[in-house]
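Read the structure below first, then the notes.
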Number of protein chains: 2
Amino acid sequence: MARKTGSHAEITGPRVRAAAQKLFARMGYAAVSMRRIAEEVGVQAGALYLYTPDKQTLLYDLMKAHMEELLEAWAAAGKGGDPLARLEAFVRFHIRFHLERPDAVFIAYMELRNLEAENFARIEALRKAYEDELEAILADGRAAGLFDVPDTKLATLALIAMLTGVNTWYREGGRLSRERIESIYLDMALGAVGAEAGRARAMAAPSREAE
Amino acid sequence: MARKTGSHAEITGPRVRAAAQKLFARMGYAAVSMRRIAEEVGVQAGALYLYTPDKQTLLYDLMKAHMEELLEAWAAAGKGGDPLARLEAFVRFHIRFHLERPDAVFIAYMELRNLEAENFARIEALRKAYEDELEAILADGRAAGLFDVPDTKLATLALIAMLTGVNTWYREGGRLSRERIESIYLDMALGAVGAEAGRARAMAAPSREAE
DNA sequence: ATTTTATATGAACGGGCGTTCATTTCAAAG
DNA sequence: CTTTGAAATGAACGCCCGTTCATATAAAAT
């Protein structure tokens, strides 16, 4: 038989994962039945238990994989540079990464409350690790006199909320290209942390300062 | 008998509303049963139908009341002034209003997908009306040469996402007062839209401000 | 050709769901 | 008192839930 063995979080069948991710994102974890997921895969409900011990683990595995992928991708993309360059890299990376997997992102921040306490704590730890990456950039930038940030924790949460917000309105083939969106959000992020040198280059004519 | 009469959205019994709001916010609409709500009220499930035609209407009424309250409160608070003063008023109003009713706010943006198409469209229209209030401020500010905003629609959504984000981490009696939080977010918002006049007053020395 | 193994079925389990409704309770109105 | 009628009960409706399991199928390994 093929019943799952180890301490769960195994390589849940890709077809099952894909079906669950799609349906959880569209209808919400609580509103999707195992029978509905099975239908999407083209199988009977009982067969799902060859790939996951239960519905909760299916959700947890999706969220865990997403968060780990996020951290790994940033570790690979966010190399060195001065704080300003690192902030630009972070902003562009965050928007691009999140726009590329809207379903996973949606689940990761809408279904937190449907995780059992233990699983919730694990996902929160991963989220915290990601936030810490941005906070370190802001702290370094402040220390270097590049940013004007009274509270790095607050600024971190504010920036991440702003950036992730793109996912709520972006639609493929819309009015603005991803590159353009990244640039606009980058300018807003730089302004929000008082990094006026970064903003200056986008200014030239119409109104204000030069540094 | 006391069965509801008009085209629904009546004055759903306040105790039922309060119980539903609390439970929907904590566990999610789909995960809360009518029996659980009844238990919270201290009544049997059947009695709830004296106050609402069905569960869906209970959710819709909560969201509609919240959005209308939001629009009315802003209409009362957001009087005139130049765009900079109006933006400051909006930021402070938004944070204060949202921090005062975390359950309603949480439901309003987490349970949209559980609304039937017709109800969804009505709530979205109210949300759009609120966003338009901010967008008008940004458009006026840009026209007056006060803000540097390449796309008012994007900036509107970015600012609202950033401001509403406060609700995800704020806890009563935390490290920072609401007033302090408002001020910090105000500075970030002003920076994000390139309103350097507003930020300037906070600059003086190397990092912090005094107001 | 036989055994093994992975994959799947489909019926069944106990239980919870939203909603309805005939009936009861009980305070206020007459 | 008696009548009214709003407020609430509690049983019942048909249906869907997550999960288990004995059984079937069929490809791979022997």
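Below, chains carry the letters A, B, ... as their sequence lines are ordered, and counting in each starts from 1.
Distance, A:K55 NZ to D:dT19 P: 8 Å, rounded to whole Å. Between B:N114 atom CG and C:dG18 atom P there is a gap of 12 Å when expressed in whole angstrom units. At whole-Å resolution of the value, OH in A:Y29 and C1' in D:dG18 are 9 Å apart. One can place CZ of B:R36 at 14 Å from P of C:dG16, the figure rounded to the nearest angstrom. When the P atom of C:dG16 is taken as reference, atom CD of B:E39 falls 12 Å away, rounded to whole Å. One atom, OH of A:Y49, and another, P of C:dC13, lie 18 Å apart when rounded to the nearest Å. Rounded to an integer number of Å, the gap from B:R15 CZ to D:dA6 P is 20 Å.
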Worked verdict on A:E118 versus A:R122 for side-chain contact (heavy atoms from CB on, under 4.5 Å) = CA-CA 7 Å; A:E118 221 178 81; A:R122 292 195 191 104; 2.9 Å; yes
request  = Verify salt bridge (charged side-chain N to carboxylate O under 4.0 Å, His left out) between A:E182 and A:R178, making sure each step is shown before the conclusion.
outcome  = CA-CA 6 Å; A:E182 280 177 30; A:R178 291 191 188 190; over 6 Å; no
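Within the structure, the salt bridge (Lys or Arg N to Asp or Glu O under 4.0 Å) test picks out the following pairs touching residues 149-162 of chain A (sequence neighbours left out): A:E131-A:K153, A:D151-B:R175. For the salt bridge (Lys or Arg N to Asp or Glu O under 4.0 Å) condition, the pairs that include at least one residue of residues 19-33 of chain A, sequence neighbours left out, are A:K22-A:E40, A:R26-A:D103.
Within the 4.0 angstrom heavy-atom criterion, only backbone atoms of the sugar-phosphate kind lie near B:V32; the bases stay farther away.
With C:dC17, D:dC17, C:dT19 as the choices, the nucleotide that has an atom nearest any side-chain atom of B:S33 turns out to be C:dC17.
Aromatic rings of A:Y130 and A:H94 (six-membered ring for Trp) have centroids within the 6.0 Å cut-off, being under it.
We find that A:R113 and B:E111 are joined by a salt bridge, their nearest charged nitrogen and carboxylate oxygen being less than 4.0 Å apart.
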List, with names and distances, any nitrogen or oxygen atoms from the protein found under 3.5 Å away from nitrogen or oxygen atoms belonging to nucleotides 8-11 of chain D.
| from | atom 1 | to | atom 2 | distance (Å) |
| --- | --- | --- | --- | --- |
| D:dA8 | OP2 | B:Y51 | OH | 2.5 |
| D:dT9 | OP2 | B:Q44 | N | 2.5 |

